[in-house]
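This is a predicted model, so every value here is computed, not measured.
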Amino acid sequence: MTAQTTTSGTNRGKSDGLALLRYFNAAIPVFVWLTPLGSGLLSLHMGKSMAWDLLHYHYYNGYAFLNDRLGYDIVPAVFHTFLNPALDIAFYAGVEALPARAVGFILGAIHGVNVIMLFHCARLVLGPRVRGFAAMPNLLPGFLAVAGFGTAAAMGTLGSWHHDLIASLFFLGALLILLARPAAGVPRAPKLLRPACAGLVVGIGLGLKLTLAPFVLAIVAAPLAAAGRVRDRMLACVAAGAAAGMGLMLSAGFWMARMQAEFGNPFFPFFNRLFESPFAGAGEGRDLRYLPADVLEYLVYPVLFSFDGDRISEAPWRDFRLLAAFAVAIALLAAALTNRMVRWRLNGGTFTGPNARMLLWTALVGYAGWLVLFSIYRYAVPLEMLVPLLLCVMLVALFGTRAGVYATGACCLLLVMTTSKADFARRDWGDDPFVGASVPTQYRGLRDAVILMAGRSADAHFIPAFDPSNRFIRLDGFDYVYRAGNPFTRQAAAIVSGHEGPVFGMFRRDRRGQGVESTFRSFGFAIQDASCAKVESSVRPPEPTFLCRLAPLGSG
């Protein structure tokens, strides 16, 4: 009797334990769907973004579009003046209509949707044997999603208006479409519908942010890793590419048409020589500082930039995810060439059909495109967030299910502990508006002035505070310099020579000894020191910005 009672109690305890685990498993997707709320709150905790891109062009571009200042101001944000303003319009409208904390929370919440997509990508790639025993199949995908979102780039840009965590949503959404399988009882869609839908989604993202280009290429090439005849896979790539072009036109067609009309190049300021733009003399607008220096660096670049973050970013950061994926990928390639078991696991023996192959292939193409086109750290965030899932696939293929999952868990925990988020400047929220720019008191009535901007400083965010009648002209900054043959320089010279009102200069204090005065002199003006006053904002740069009257050289 005692033995029976004991056995019955033990079975009941096991049953209760399994039931508790099943409840917890069912709660994991709920927590995942609540991550936007958590990331919105985390954005508030981290503080207001005052990153260079925000100060330089994101805020100004939304204002400029809504007030039709293209051509009225001359390159105030250098080449960034000409980027598609669609997302910046939404940001500017939000900043003007909502409290600063509300803007920060909404941005963080939108960025948090990446976790939901990472979670579902993991569920579609990892087979039931990898995800764990029947009571807890959601635990590993949830863990991989959270570990992926904790990257240095994602945490550094969370709640900021860099657009990278918005562009990644389109890439992950397209990837989800390719990985998904029709539910039981649902009629099979036409074979080309899925790649076309994926291409459309990622193409829309490309139109909003052109730096998504490597991952558009990855989505277009992804069907090559699918099962089936070569002809069918090639047709799927064509469908994805054509749909990506349609998506690009949907989100950026209006702006491309304007760039073509204004500058003879729908992708202005990029590819000017390709389109034989009359503004080719202004430059290509592409930042090449972070590309590898030679063939050897291209082959081993993760080894270099993982220990020297300045190679691919201006902001300090530390994250070994890409290095870990690079190292394990080399090991997997070597093993796949010599070990039949590894090939069997990748071909559906452990994972869900061809999804594992498609994921690895998509990541490889995306990485190669990023490396060749940009090598700028932030732009790799869609790939970096997938690294925990990529590691799981590769380590399970190498070591088998149990050992591979344990190795993945240990590796991800180590990566999270050694990560230091990218330091894109932040400050306390305070009670000020998000940008809160204001004109110096003595110049608040300024009208019909030409204001020359000089120095490599992010000061276009001050422009919306001025009366719209004032005209802003940048003489240098970023990779743009005053040159007599530059078409924008000719425009600026014509405006200044025909202007009868006051001329001012705007520059950051620490740039004065770095060529600002010589820039003004080359344009025929000198700074009147007694007239200088500070231009303020609640996201003010580390050095104050001055507005000063300029006097023509030789005027006495």
Q.
Are Phe326 and Phe305, when compared by the centres of their aromatic rings, separated by less than 6.0 Å?
A. no
Q. Should Val130 and Val405 count as side-chain neighbours, where that means a heavy-atom distance under 4.5 Å?
A. yes
Q: Specify the closest pair of heavy atoms between Leu175 and Cys121, including all atoms of both residues, with the distance to one decimal.
A: CD2-SG, 4.1 Å
Q: Check step by step if side-chain contact (heavy atoms from CB on, under 4.5 Å) holds for Leu206 and Val202.
A: CA-CA 6 Å; Leu206 175 64; Val202 78; over 6 Å; no
Q. Ile166 versus Trp161: any side-chain heavy-atom pair under 4.5 Å?
A. yes
Q | Among Trp317, Phe320, Tyr301, ring pair (Phe, Tyr, Trp, His ring centres under 6.0 Å) partner for Phe307 | A | Phe320
Q | Flag, side chain of Asn355 to backbone of Leu179, donor-acceptor distance under 3.5 Å | A | yes
(Q) Against Leu126, only a single residue in Thr401, Val396, Leu144 fulfils side chain to side chain contact (heavy atoms under 4.5 Å, CB included); can you say which? (A) Leu144
Q. What do you reckon, are the aromatic ring centroids of Phe434 and Tyr59 less than 6.0 Å apart?
A. no
(Q) Donor-acceptor check, side chain of Trp370 to backbone of Thr211, threshold 3.5 angstrom: yes or no? (A) no
Q. Are the side chain of Asn67 and the backbone N or O of Arg69 linked by a donor-acceptor pair below 3.5 Å?
A. no
**Q.** Nearest atoms (heavy-atom pairs only) where Glu297 meets Asp294
**A.** N-OD1, 2.9 Å
Q: Would you please say whether a donor-acceptor pair under 3.5 Å links the side chains of Tyr63 and Glu96?
A: no
Q | More than 12 heavy atoms of other groups within 6.0 Å of Met256 CE | A | yes
**Q.** Heavy-atom side-chain contact between Leu172 and His120 under 4.5 Å
**A.** no
Q | Distance (rounded to the nearest 0.5 Å) between Phe149 CZ and Leu158 CG | A | 5.0 Å
**Q.** Backbone of Asp310 reached by a side-chain donor or acceptor of Ser313 within 3.5 Å
**A.** no
Q: Please check if the side chain of His461 supplies one atom and the backbone of Leu55 the other of a donor-acceptor pair under 3.5 Å.
A: yes
Q) Could you walk me through whether Thr362 and Leu386 pass the side-chain contact (heavy atoms from CB on, under 4.5 Å) check? A) CA-CA 11 Å; Thr362 303; Leu386 279 174; over 6 Å; no
Q. Just wondering, do Met385 and Ser168 contact through their side chains at under 4.5 Å, heavy atoms?
A. yes
Q) Sub-3.5 Å donor-acceptor pair from the side chain of Ser251 to the main-chain atoms of Ile204, do we have one? A) yes
Q) Is the shortest heavy-atom distance from the side chain of Phe268 to the side chain of Glu262 under 4.5 Å? A) no
(Q) If you compare all heavy atoms of Tyr298 against all heavy atoms of Leu371, which two are closest, and at what distance to 0.1 Å? (A) O-CD2, 3.3 Å
Q: Evaluate side-chain contact (heavy atoms from CB on, under 4.5 Å) for Phe91 paired with Asn61, printing each intermediate quantity in order.
A: CA-CA 10 Å; Phe91 173 58; Asn61 281 3; over 6 Å; no
Q | Heavy-atom side-chain contact between Glu314 and Tyr290 under 4.5 Å | A | yes
Q. Any donor-acceptor pair under 3.5 Å linking the side chain of Thr419 with the backbone of Ala152?
A. no
Q: Without swapping roles, check the side chain of Asn114 against the backbone of Leu165 for a donor-acceptor pair under 3.5 Å.
A: yes
Q.
Is any side-chain heavy atom of Asp53 closer than 4.5 Å to one of Arg378?
A. yes
Q: Taking the side chain as every heavy atom from C-beta outward, state whether Lys209 and Asp164 have any atom pair closer than 4.5 Å.
A: yes
Q: Decide yes or no on side-chain contact (heavy atoms from CB on, under 4.5 Å) for Leu70 and Met259, but give the supporting numbers first.
A: CA-CA 10 Å; Leu70 183 66; Met259 293 298 98; 3.7 Å; yes
Q: Would you please indicate if the ring centroids of Phe79 and Phe279 are separated by under 6.0 Å?
A: no
Q: Name the orientation class of the two ring planes belonging to His58 and His163 (parallel below 30°, tilted from 30 to 60°, perpendicular beyond 60°).
A: perpendicular
(Q) Please give me the minimum heavy-atom distance between Ala380 and Leu322, naming the atom from each residue. (A) CB-CD1, 4.5 Å
Q. Does Ser39 use its side chain to pair, donor to acceptor, with the backbone of Gly108 at less than 3.5 Å?
A. yes
**Q.** For Pro382 against Phe171, the heavy-atom pair lying closest together
**A.** CB-CD2, 3.6 Å
Q: Return yes if some donor-acceptor pair links the side-chain N/O of Arg318 with the main-chain N/O of Thr418 below 3.5 Å, else return no.
A: yes
Q: Give me the ring orientation class for Phe267 and Phe275: parallel if the planes are under 30° apart, tilted from 30 to 60°, perpendicular past 60°.
A: tilted
Q | Contact summary for Val342 and Ala335, nearest pair of heavy atoms | A | CG2-CB, 4.1 Å
Q. Does the pair Ser160 and Arg426 meet the rule for a side-chain hydrogen bond (donor to acceptor under 3.5 Å, both in side chains), with working shown?
A. CA-CA 9 Å; Ser160 73; Arg426 294 180 185 266; 4.9 Å; no
Scan the side chains in residues 215-240 for donor-acceptor partners under 3.5 Å anywhere in the protein, sequence neighbours excluded, and list what turns up.
residue	atom	partner	partner atom	Å
Arg229	NE	Asp232	OD2	3.2
Arg229	NH2	Asp232	OD1	3.2
Arg229	NH2	Asp232	OD2	3.4
Arg233	NE	Gly228	O	3.3
Arg233	NH1	Leu224	O	2.9
Arg233	NH2	Gly228	O	3.4

Q.
Tell me if the centroids of the rings in Tyr60 and Tyr92 come within less than 6.0 Å of each other.
A. no
Q: Kindly compute the distance separating CD (Gln260) from CH2 (Trp255), expressed to the nearest 0.5 Å.
A: 14.0 Å
Can you give each donor-acceptor pair under 3.5 Å made by side-chain atoms of residues 26-37, sequence neighbours left out, with the distance rounded to 0.1 Å?
residue	atom	partner	partner atom	Å
Thr35	OG1	Val32	O	2.5

